[in-house]
Amino acid sequence: LIERLGDPVTEIQIIACEYLARLGARQAAPAIAALAQAPRPPELRRAAIDALGAVGDAAQVPLLLETLGDVDPILARAAANALAYLGAPAATARLGAIARHPGRNQAIVVRAWGASLRDRPDPSARRTLIELAETGHPDAALAAIGALAAMGDRDARPALAALVVG
């Protein structure tokens, strides 16, 4: 199946990515990562990015972080989802740093950060997320509220209640 990643037909490569993801084939991650990069077709890149999240290879975090800045919002969102799925500590810290800076992909980064923090309260993240919820662009603010809730941080409850009540 890994050999099919090198098939000249894009659709075969996409199917190979999907099946390797379902199998959790971590050993295929380097070959999949090669397909996730430009100048590959966007549909192949997306399948490869999705597969990287599913196979769980933390070595691919730098590639996925780089893809967050892609001009194609579908690819940036796929990278954010893959990073959230990985939940790698290095990804969580980097997502937090990126989430602090406004930009076209800030909301998807904040959502991914929240998913990577699920059920893991973090006082520093709480402060940043509350600030984003109070002062950020509406999309980023809503993502920050979701991230605060996902963290399961009891100390965030008063701020969440105040944000909801308005």
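Position 1 is the first residue of the sequence; numbering continues from there.
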Please tell me whether Tyr19 and Leu5 are part of a single hydrophobic cluster in this structure, the criterion being side-chain heavy atoms less than 4.5 Å apart.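 Per the 4.5 Å side-chain linkage, Tyr19 and Leu5 are co-clustered.
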Give the cluster check for Tyr85 versus Ile108: same hydrophobic cluster or not, with ILVMFWY residues linked at side-chain heavy-atom distances below 4.5 Å.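 As far as the 4.5 Å side-chain criterion goes, Ile108 and Tyr85 are not connected within one cluster.
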Rounded at 0.5 Å granularity, tell me how far [atom1] in [X] sits from [atom2] in [Y].
X	Y	atom1	atom2	answer
Met151	Asp119	CE	CG	10.5 Å
Trp113	Ile98	CH2	CD1	11.0 Å
Asp7	Ile15	CG	CD1	9.5 Å
Leu142	His137	CG	NE2	10.0 Å
Asp155	Leu160	CG	CG	11.5 Å

Using links of under 4.5 Å between side-chain heavy atoms of ILVMFWY residues, direct or through other members, which residues join Ile12 in one cluster? Val9
If you compare all heavy atoms of [X] against all heavy atoms of [Y], which two are closest, and at what distance to 0.1 Å?
X	Y	answer
Arg100	Ser124	NH2-OG, 3.8 Å
Ala84	Ala112	CB-O, 3.7 Å
Leu163	Glu134	CD2-CG, 3.8 Å
Leu1	Ala16	O-CB, 4.0 Å
Ala107	Ala143	O-CB, 3.5 Å
Ala141	Ala133	CB-O, 3.5 Å

Atom CD1 of residue position Ile74 - does it have more than 12 heavy atoms of other residues, nucleotides or ligands inside 6.0 Å? no
When you look at CZ of Arg4, are more than 12 heavy atoms from neighbouring residues, nucleotides or ligands closer to it than 6.0 Å? no
Heavy-atom check, side chain of Pro123 versus side chain of Arg127, under 4.5 Å: yes
Answer yes or no: is there a side-chain heavy-atom contact under 4.5 Å between Ser116 and Leu95? yes
Would you be so kind as to tabulate the donor-acceptor pairs closer than 3.5 Å made by side chains of residues 51-69, with sequence neighbours excluded?
| residue | atom | partner | partner atom | Å |
| --- | --- | --- | --- | --- |
| Asp57 | OD1 | Ala59 | N | 3.1 |
| Asp57 | OD2 | Gln60 | NE2 | 3.3 |
| Thr67 | OG1 | Leu63 | O | 2.8 |

If we check side chain to side chain contact (heavy atoms under 4.5 Å, CB included) with Glu131, which of these qualifies: Leu129, Thr135, Thr128?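 Filter result, single survivor: Thr135.
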Donor-acceptor pairs under 3.5 Å, side chain of residues 29-48 to any protein atom, not counting sequence neighbours: which ones?
| residue | atom | partner | partner atom | Å |
| --- | --- | --- | --- | --- |
| Gln37 | NE2 | Ala33 | O | 3.2 |
| Arg45 | NE | Ala36 | O | 2.9 |
| Arg45 | NH1 | Asp70 | OD2 | 3.2 |
| Arg45 | NH2 | Asp70 | OD2 | 3.0 |

Taking side chain to side chain donor-acceptor pair (under 3.5 Å) as the definition, give me every residue that meets it alongside Asp153, ordered by chain and number, with sequence neighbours left out. Arg126
Residues two or more places apart in sequence or in another chain: which of them pass side chain to side chain donor-acceptor pair (under 3.5 Å) with Arg26?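 Per chain and number, Arg26 pairs via side chain to side chain donor-acceptor pair (under 3.5 Å) with no residue.
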Take Asn81 and Asp50 through the test side chain to side chain contact (heavy atoms under 4.5 Å, CB included) and record every step on the way to the result. CA-CA 8 Å; Asn81 291 340; Asp50 290 344; 5.7 Å; no
Report yes or no: does Gln106 contribute a side-chain atom to a donor-acceptor pair with the main-chain N or O of Ala99 at less than 3.5 Å? yes
Tell me every residue that passes side-chain contact (heavy atoms from CB on, under 4.5 Å) with Arg120, counting only those two or more places apart in sequence or in another chain. Thr92, Leu117
